[in-house]
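Keep in mind it's a predicted model, so treat the numbers as computed, not measured. Note on naming: letters A, B, ... go to the chains in the order of the sequence lines (proteins, then strands), and numbering restarts at 1 for each one.
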Amino acid sequence: MSKQSKQTAISPCRADDYPEWYQQVIKASDLAERSSVRGCMVIKPWGYGLWENIMRVMDSLFKTTGVKNAYFPLFIPLSFLEKEAEHVEGFAKECAVVSHHRLEKGPEGNLVPAGPLTEPLIVRPTSETIIGDSFAKWITSYRDLPLLINQWANVVRWEMRTRIFLRTSEFLWQEGHTAHATREEAEERTRLMLDIYAQTAEEYLAMPVIKGHKTPSERFPGAVDTLSVEAMMQDYKALQSGTSHFLGQNFAKASQITYQTAAESEEYVWTTSWGSSTRLIGGVIMTHGDDNGIILPPKIAPSQVVLLPIIRKPKERDAVMHYTESLAQELKSINYHGHAIQVEIDNRDIGGARGWDWIKKGIPLRVEIGPRDIDAESVYIGRRDKDPKDRQSISRNQFVRELTTVLDDIQISLFERALALRKAHTQHIDDKRQFIDFFTPRNQEKPEIHGGFAYSHWCGAETCEAQIKNDLKVTIRCIPIEADQEKGTCIYCNQPSTQRVVYAKAY
RNA sequence: CGGGGCGUGGCGCAGCCUGGCAGCGCGCCUGCUUUGGGAGCAGGAAGUCGGAGGUUCAAAUCCUCUCGCCCCGACCA
């Protein structure tokens, strides 16, 4: 019985050791696990179901703006990457390289690579260059523009240190690539896709974000401008949750993507690229999770409801299961934001551990069904956004009737809770001393959760930015789009500034 | 790549200093008893102690080499 005295399902709790809490939550939730392959993860069915729903949401939003899906090769000739100078610089250090195409028995019976390739291939870290190669062939006339393409794929970036969902050597993502006749149109597309990321984050993941421009030092290698959406996690650190790049004509020139205008001149196209990844799942975990595990926003949860039949005596089994199955059927016919409610039935005979399993998995609603409920035509429900012990009995009819309303209510409560946290840990700071204090933990040995978002002025100099990063591990997350122009002086050097930027520690 | 730590049934660990039958908790399987909330009792399965070599009558333990992982830095969606 000692376990029953435990206060929370996840140990350590967030306040005690946030990074360890994150690992434990993932383990307890059955979302994913480390693979035997260095730096890689296995996404388990519950986690993949979550990703499928996120994909479904974004895919349909992309398509409403005219984007079509396609697929390009995993391998990119080394020479392609070399075409854009800054691009090479940015990605070269983290590329996996394929150098051979065959294995042979070695002297000790082990397999050794043989058949060296004449030109090594890299495993795509991103696909601008290989897609650019196709774009160059597909685009000849102004009538071919705009070209709006997206691909759902895996990419590989050989990171030094990895964390499940946040930074793994291989991850799943979508990358959109578009080509346009004019600069304005490409810039507009860059903004449009950023808005879709913000919409996905806020309306579906219940994760409030700030839209903004990256500073030159944080820009995508080869981009003219990088936009991002930034969310605050519960340790007050920022998570970049989607990026949209205006690439100017850099990649058009590198890949010779040209078109003929109506006036018969030959011009380079203007391109954009934009991506978001399984990292979003890490964002969901760290935005909504509590000390009992993850909490999934109903709109993207693989299942919204789990039914837990309570069978005390064998003779009750049939009646309880029948009631449970008929309720499941009824629920599955309910439309929730364009899709059927997904229902799980868990009749494992493992006592109370069953309920906790689903709490840790973050399912929005748990419904207990026992003989008493059947007699009363009722159900006993627990909401994941409330305390595990906070459950109530309501009539079956009312439950069915109000189900989508309750789910929407959970969705909204999660968003508002996250927004409140962000507000509580966001400050306008104009004093350098105060700025340093804000980002300095009181306990240097074992830093407590501290900091947040600081809206402060920046002179625009890379040296100030670098100094702050060096001194405090704080970076400029973005130059917010939706903010007033306001004159001030740089938080670090006192030089004039035209706008506040968002400073934070980041993932 | 620099600094630190760790590799022992599925998971978490003890045992190592001082060599002597491979253990504990959880999980898993079976049976009985329980059942509105993380059950109890009994029985059971599951380990070449990361790998290779060495010292020894005897190695999880000592020595050498090696591989992998985790944490802190630098790098990054």
Check your understanding: Looking only at side chains, do A:Tyr204 and A:Asn53 share a donor and an acceptor under 3.5 Å apart?
Key ->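 No donor-acceptor contact under 3.5 Å links the two side chains.
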Between [atom2] on [N] and [atom1] on [X], what's the gap in Å once rounded to a whole number?
| X | N | atom1 | atom2 | value |
| --- | --- | --- | --- | --- |
| A:Tyr22 | B:rC71 | OH | C1' | 17 Å |
| A:Lys27 | B:rC70 | NZ | P | 13 Å |
| A:Arg34 | B:rG7 | CZ | P | 18 Å |
| A:Met233 | B:rA77 | CE | P | 16 Å |

Exercise for review: Measure from the side chain of A:Ser277, starting at C-beta and using heavy atoms only, and say which of B:rG36, B:rC70, B:rA77 lies closest.
Suggested key: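 Selected nucleotide: B:rA77.
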Point to revise | Proximity to the side chain of A:Thr162 - top-ranked nucleotide from B:rC70, B:rG36, B:rC11 | key: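 Among B:rC70, B:rG36, B:rC11, the one nearest the side chain of A:Thr162 is B:rC70.
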Point to revise | Non-hydrogen side-chain atoms of A:Ile363 and A:Trp46 separated by less than 4.5 Å | key: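 Yes. Closest side-chain heavy atoms under 4.5 Å.
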Practice item. Let me know, please, whether A:Gly352 or A:Ile311 comes out on the 5' side of the other along RNA chain B by nearest nucleotide. Key: A:Ile311
Practice item. Please map the stems of RNA chain B, keeping only stretches of three or more Watson-Crick or G-U wobble pairs with both distances under 3.5 angstrom. Key: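 Only these stems qualify: B:1-7 with B:67-73, B:10-13 with B:23-26, B:28-33 with B:39-44, B:50-54 with B:62-66.
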All N/O pairs under 3.5 Å across the protein-nucleotides 72-75 of chain B interface:
{"from": "B:rC72", "atom 1": "OP2", "to": "A:Arg161", "atom 2": "NH2", "distance (Å)": "2.0"}
{"from": "B:rG73", "atom 1": "OP1", "to": "A:Lys473", "atom 2": "NZ", "distance (Å)": "3.0"}

Exercise for review: Please work out which of the three classes, parallel, tilted or perpendicular, describes the rings of A:His87 and A:Phe251, given edges at 30° and 60°.
Suggested key: perpendicular
